[in-house]
Amino acid sequence: MPIAPRYKLMTLILFFCSLIVVSSVYLTLPLLSVFEDEFQISSSKAAWAGSAFSFAFAGGGLLFGGLSDRYGRKKMMISGLCLLTATTLVIGTVDEFQWLIVLRVLQGLAASMFPPSVLAYAIEMFPTNKRVTILGFISTAFLMASIVGQIYSSIVVLELSWNYVFYILGPVYFVSFILIAISIPNDKTQKPVGSFFTPFRHIGGIFKKKGLPLCYIISATLFISLVGFFSTLGSYLSSSLFGLSHQEILWVRAVGIIGMFISPFDGRFVAKIGVKNVLWCGLILAGIGLGLVGVWENLAFLILASIVFTAGIAMALPALISLIGTLAGELRASALSFHMFMLFIGASLAPIISIYLIDTVSHMLTFVMLAVLLLLSTVVPFYIRLEKKEKITTQINQHKQTNV
């Protein structure tokens, strides 16, 4: 008889690996001024250390998400971690900025193999009554990475040098490779059908699924508001109004992690009120929290409002992922890949939008306008209809919901 999967251990491993992989997106944010001095370049050029990775990460998600349909989720995850280990270690050895950019692109492509594969793996390998919960943990990891990555690189560069940010992280990725390889059960690889390019044709098919394209509006909006908030927050707290140092700003951002711990409980919320209602409530909560940040120029109030905001994002994101997986059916890997693509397109646009709004209006109005954009997306779930079969499944889950 086959041994039953150890879902608690699997959840812990997938959470940890998701956290450290996506943290690589944010590693260079605290290092931009270091790169300016180290390579004698302008601040706009130094920013490409992050942008090069982000574009590769977003585009690679589309590429490798489709390939995981053909070659398997676990194979794609361990391949990505293996390449990520190698590229991360090499980055620490470069002494020319152009090579740093090239390697960050390769690192972004390697990292992009993991998120769509782990999401599809969770949906396919976990039982229905545990599915939203594992998606909650993975989503929490994705969100926490935006803060953990910055804290990690800031601490390392203060104690050692920027090279050790990558020297230390490389072996951590190798350990993750071992954990996934030996501790995570193999998924059922689909028998390859068609040519190598067949999975990429599925991307067009996801737009024929009813309600699915509407979900991507929320995908982009979530990260426009999240990254826009953090981009504006740094400028706001360093202004003459607060005058906080870089390290103090980082710890203010870190407090937002508190709100993200609501994400693993999404499974219970979905069991009680349904996935669409959880998504809607999360968007409302996030919009209110973000709007409150722009109401009062008080640091303690700002911190509390930011916790409300991140809690709303943490509630909405796993519900959105679960909804996309349900609507996509057999195309879930391609659908989740496009979801990740839209998330990081939103993340790429957010700093541009925030800088424009700060220069045009003010910091406080920027927070309010980002909140308005987020609240406008709350109308989208009303236009997404679940099939009767899917509604029945949700009702059954209300009686089966258990802890992971």
Side-chain angles (χ1 to χ4, degrees), residues 15-34 50 53-54 136-160 162 164-166 168-169 172 222-239 241-265 282 285-286 288-290 292-294 296-318 343 347 350-351 354 363 366-367 370-371:
F15 171 83
F16 172 74
C17 294
S18 299
L19 176 64
I20 62 170
V21 169
V22 181
S23 290
S24 59
V25 178
Y26 308 95
L27 288 178
T28 58
L29 289 179
L31 303 179
L32 299 184
S33 59
V34 177
F53 183 101
S54 296
F137 274 95
I138 294 173
S139 300
T140 301
F142 289 169
L143 292 171
M144 288 178 63
S146 63
I147 298 174
V148 171
Q150 295 182 64
I151 293 175
Y152 161 74
S153 59
S154 294
I155 293 174
V156 173
V157 78
L158 287 174
E159 298 296 330
L160 300 168
W162 73 267
Y164 284 91
V165 171
F166 301 96
I168 296 172
L169 198 55
V172 176
L222 279 177
F223 265 42
I224 286 176
S225 62
L226 180 66
V227 179
F229 167 73
F230 283 124
S231 299
T232 308
L233 185 66
S235 174
Y236 187 42
L237 295 178
S238 62
S239 66
L241 183 63
F242 296 102
L244 299 187
S245 66
H246 177 75
Q247 197 67 25
E248 290 171 333
I249 293 171
L250 195 61
W251 288 113
V252 171
R253 290 176 174 176
V255 176
I257 290 178
I258 296 173
M260 295 177 182
F261 284 115
I262 196 174
S263 191
F265 300 99
L285 188 64
I288 292 173
L290 186 52
L292 289 175
V293 173
W296 188 16
E297 297 175 339
N298 178 276
L299 184 59
F301 182 79
L302 182 151
I303 291 173
L304 290 174
S306 70
I307 293 174
V308 174
F309 166 65
T310 55
I313 295 291
M315 180 185 291
L317 187 57
L343 283 182
S354 297
H363 289 96
T366 298
F367 290 125
L370 288 173

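Since we're looking at a predicted model, the values are computed, not measured.
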Could you grab the distance from atom [atom1] of [X] to atom [atom2] of [Y], nearest 0.5 Å is fine?
| X | Y | atom1 | atom2 | result |
| --- | --- | --- | --- | --- |
| Ile138 | Leu19 | CD1 | CG | 12.0 Å |
| Ile151 | Tyr26 | CD1 | OH | 13.5 Å |
| Leu237 | Trp251 | CG | CH2 | 15.5 Å |
| Glu297 | Leu241 | CD | CG | 4.5 Å |
| Ile257 | Ile147 | CD1 | CD1 | 4.5 Å |

Test side chain to side chain contact (heavy atoms under 4.5 Å, CB included) applied to Thr366 and Phe229, step by step: CA-CA 9 Å; Thr366 298; Phe229 167 73; over 6 Å; no
Indicate the atoms forming the closest heavy-atom contact of [X] with [Y], along with that distance.
| X | Y | result |
| --- | --- | --- |
| Ile168 | Leu160 | CD1-CD1, 4.3 Å |
| Leu222 | Ala316 | CD2-CB, 4.3 Å |
| Ser24 | Phe53 | OG-CZ, 3.2 Å |
| Ser54 | Val25 | OG-CG1, 4.1 Å |
| Phe15 | Phe137 | CD1-O, 3.1 Å |
| Met144 | Met260 | N-SD, 3.5 Å |

Between side-chain atoms of residues 301-311 and protein atoms elsewhere (two or more places apart, or another chain), which donor-acceptor pairs fall under 3.5 Å?
{"from": "Ser306", "atom 1": "OG", "to": "Ile303", "atom 2": "O", "distance (Å)": "2.6"}
{"from": "Thr310", "atom 1": "OG1", "to": "Gly256", "atom 2": "O", "distance (Å)": "2.9"}
{"from": "Thr310", "atom 1": "OG1", "to": "Ser306", "atom 2": "O", "distance (Å)": "3.1"}
{"from": "Thr310", "atom 1": "OG1", "to": "Ile307", "atom 2": "O", "distance (Å)": "3.1"}

State which residues pass ring pair (Phe, Tyr, Trp, His ring centres under 6.0 Å) with Phe16; sequence neighbours excluded, sorted by chain then number. none
Go through it in stages, so that I can follow the logic: the residues are Thr28 and Val165, the test is side chain to side chain contact (heavy atoms under 4.5 Å, CB included), and I'd like the CA-CA distance, side-chain angles, deciding distance and then a yes or no. CA-CA 9 Å; Thr28 58; Val165 171; over 6 Å; no
If you define the side chain from C-beta out and look only at heavy atoms, does anything of Val22 sit under 4.5 Å from Leu143? no
Looking at Leu370, is its backbone amide N or carbonyl O close enough to the side chain of Ser225 to form a donor-acceptor pair, meaning the two atoms are under 3.5 Å apart? no
Please collect all side chain to side chain donor-acceptor pair (under 3.5 Å) contacts where either partner lies in residues 143-153, sequence neighbours excluded, each pair once. Gln150-Arg253
Side chain to side chain contact (heavy atoms under 4.5 Å, CB included) evaluation trace for Leu169 with Val156: CA-CA 11 Å; Leu169 198 55; Val156 173; over 6 Å; no
